[in-house]
**Q** 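Would you mind keeping the following structure in view while I ask a few things?
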Amino acid sequence: MAKIFCIANQKGGVGKTTTAVNLAAGLAKLDQRVLLIDLDPQGNATMGAGIDKASLESSVYQVLLGLGEIGTARQTSETGRFDVLPSNRELAGAEVEMVELEQREHRLKQALATVENEYDFVLIDCPPALSMLTLNGLCAAHGVIIPMQCEYYALEGLSDLVNTIKIVHAKMNPELKVIGLLRVMFDPRMMLSQQVSSQLEKHFGDKVFKSIIPRNVRLAEAPSYGIPGVIFDPSSKGAQAYIAFGKELVERIAAL
Ligand code: ATP
Ligand code: MG
């Protein structure tokens with residue numbers, strides 16, 4: 001059965017999509033069968049995987065509203081060797097349109113049941129909000145991977161996210177847990193990065209992944225070519241860090 005993980009943090013621009021796309025491609029390199037679900041109307045994960053969000057016949061939007069199946073909406077990322085359930089702006093309407101549906105927070109979970117067996121990992125790239133879309137991700141998942149930048153305000157938002165995860169765990173999805181916190185865009189030359197990083201280790205202990213993703217321009221350049229960073233420039237520090245993270249994740253899960 002697939003391990004289903006949300007990549008979530010309600011703060012914007014913290015590296016969720018970069019983590020989702022590179023982890024998907026990194027796990028594929030480790031011969032894992034991966035489905036990446038783009039749950040963000042921005043469609044950044046879709047584009048980063050080399051799929052044109054402007055020309056989708058079917059997307060996660062149809063799947064959530066019961067107008068289509070994952071089996072037909074998914075595509076293959078030719079550049080990353082994993083499957084993608086793509087998204088675009090249309091998804092922004094789903095939030096409102098789902099209000100009338102029964103069990104609206106469980107739509108993604110129900111849809112995933114049809115393809116789950118085909119994958120080792122399902123990664124869900126969440127939008128920067130604790131919205132109905134993110135809630136669908138959290139209800140479908142076994143765990144959450146939280147990417148965060150080591151800066152002062154990062155810790156502030158973290159408690160809201162952890163509280164939301166606790167509520168979902170208690171009321172909607174007893175399987176849900178925090179798999180780990182991933183330090184991203186790390187700049188070792190900054191004193192503050194070091195300080196926040198050690199604070200995180202102190203508060204969250206084992207929940208902090210050992211792998212640290214450095215700030216690396218190759219990771220930022222890759223999406224404009226529609227190629228995951230780990231494929232675009234495998235020798236770059238950023239790519240190597242994401243590959244190491246993929247290995248750490250596989251090991252961590254085996255130990256769970
Ligand atoms: P949003 O909340 O809008 O969905 P996000 O959390 O998904 O954003 P990303 O889109 O992954 O964040 O990253 C934000 C920006 O930072 C992007 O331009 C991305 O290319 C860049 N970026 C992400 N990680 C790194 C890194 N390790 N090194 C350099 N640039 C990075
Ligand atoms: Mg994003």
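Remember, predicted model here, so these are calculated numbers, not experimental data. Just so you know, ligand 1 is whichever comes first in the structure, and atom 1 is the first atom listed for that ligand.
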**Q** How close does the nearest protein non-hydrogen atom get to atom 24 (N) of ligand 1, and which residue and atom is it?
**A**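 Of every protein heavy atom, M185 CG, 3.6 Å lies nearest to atom 24 (N) of ligand 1.
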**Q** Hey, are R183 and E201 close enough for a salt bridge, meaning a charged N less than 4.0 Å from a carboxylate O?
**A**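 Judged by the 4.0 Å cut-off on N to carboxylate O distance, R183 and E201 do form a salt bridge.
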**Q** If you measure from CD1 on I179 to CD1 on I146, what distance do you get to the nearest 0.5 Å?
**A**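 Those atoms lie 10.0 Å apart.
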**Q** Check the pair Y242, N216 against side-chain contact (heavy atoms from CB on, under 4.5 Å), reporting the backbone distance first and the verdict last.
**A** CA-CA 11 Å; Y242 271 117; N216 179 253; over 6 Å; no
**Q** Please say whether V14 places an N or O atom under 3.5 Å from an N or O atom belonging to ligand 1.
**A**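 Yes, at least one N or O pair falls under 3.5 Å.
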**Q** If only atom types and distance count, is the side chain of S77 paired as donor or acceptor with the main-chain N or O of G50 below 3.5 Å?
**A** no
**Q** Please confirm whether K16 comes within less than 3.5 Å of ligand 1 when only nitrogen or oxygen atoms on both sides are compared.
**A** yes
**Q** State the CD1-CG distance between I124 and L85, to the nearest 0.5 angstrom.
**A** 9.5 Å
**Q** For ligand 1, which atoms, with element, lie under 4.0 Å from some heavy atom of D40?
**A** 4 (O)
**Q** Flag atom 7 (O) of ligand 1 as yes if some protein heavy-atom distance to it falls below 4.0 Å, otherwise no.
**A**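 It does: a protein heavy atom is found less than 4.0 Å away from atom 7 (O) of ligand 1.
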**Q** Using 2.8 Å as the threshold, say whether any N, O or S atom from T17 sits that close to the Mg ion (ligand 2).
**A**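 For T17, the answer is yes, given that an N, O or S atom comes within less than 2.8 Å of the Mg ion (ligand 2).
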**Q** Where is the nearest protein heavy atom to atom 20 (O) of ligand 1: which residue, which atom, and how far?
**A**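 Nearest neighbour among protein heavy atoms for atom 20 (O) of ligand 1, to 0.1 Å: A220 CA, 3.4 Å.
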**Q** How close does the nearest protein non-hydrogen atom get to atom 1 (P) of ligand 1, and which residue and atom is it?
**A**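 Nearest neighbour among protein heavy atoms for atom 1 (P) of ligand 1, to 0.1 Å: G13 N, 3.5 Å.
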**Q** Identify the closest protein heavy atom to atom 29 (C) of ligand 1: which residue and atom is it, and at what distance?
**A**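 Protein heavy atom with the smallest distance to atom 29 (C) of ligand 1: N216 O, 3.3 Å.
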**Q** Can you sort out which atoms of ligand 1 are near L219, meaning under 4.0 Å from one of its heavy atoms?
**A** 26 (C), 27 (N)
**Q** Within the 4.0 Å heavy-atom shell around G12, which atoms of ligand 1 are there?
**A**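 Once the distances to G12 are compared, the set is 2 (O).
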**Q** Check whether any side-chain heavy atom of R74 sits under 4.5 Å from a side-chain heavy atom of V115, and report yes or no.
**A** yes
**Q** So, N173 side chain and V168 main chain: donor-acceptor pair closer than 3.5 Å or not?
**A**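 No, N173 side chain to V168 backbone: no donor-acceptor pair under 3.5 Å.
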**Q** Between P127 and ligand 1, find which residue part has any heavy-atom pair under 4.0 Å and reply side chain, backbone, both or neither.
**A**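 It is neither part, as no heavy atom is under 4.0 Å.
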**Q** Name the closest protein heavy atom to atom 10 (O) of ligand 1, giving the residue it belongs to and the distance to 0.1 Å.
**A**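 Scanning the protein heavy atoms, the shortest distance from atom 10 (O) of ligand 1 goes to T17 CB, 4.0 Å.
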**Q** Closest non-hydrogen protein atom to atom 27 (N) of ligand 1, residue and atom name please, with distance?
**A** P214 O, 2.9 Å
**Q** With respect to L56, which candidate in E90, Q62, Q75 satisfies the side chain to side chain contact (heavy atoms under 4.5 Å, CB included) definition?
**A** Q75
**Q** Would L249 and K3 satisfy side-chain contact (heavy atoms from CB on, under 4.5 Å), going step by step from the backbone distance to the final call?
**A** CA-CA 11 Å; L249 183 67; K3 291 287 170 202; over 6 Å; no
**Q** In terms of residue, atom name and distance, what is the protein heavy atom nearest to atom 11 (O) of ligand 1?
**A**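 For atom 11 (O) of ligand 1, the nearest protein heavy atom comes out as T18 OG1, 2.5 Å.
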**Q** Give a yes or no on whether atom 15 (C) of ligand 1 lies under 4.0 Å from any heavy atom of the protein.
**A**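 Flag for atom 15 (C) of ligand 1 set to false, no protein heavy atom closer than 4.0 Å.
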**Q** Quick check: G15 and ligand 1, any N/O pair under 3.5 Å apart?
**A**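 Among all N and O atoms of G15, at least one is under 3.5 Å from an N or O of ligand 1.
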**Q** How long is the straight-line distance from CZ of R252 back to CZ of F245, given to the nearest 0.5 Å?
**A** 8.5 Å
**Q** Is there a side-chain contact (heavy atoms from CB on, under 4.5 Å) between V208 and H203? Walk through the geometry before answering.
**A** CA-CA 9 Å; V208 183; H203 283 286; over 6 Å; no
**Q** Could you tell me the residue and atom name of the protein heavy atom closest to atom 4 (O) of ligand 1, and the distance to it rounded to 0.1 Å?
**A**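 Here the closest protein heavy atom is Q42 NE2, 3.3 Å.
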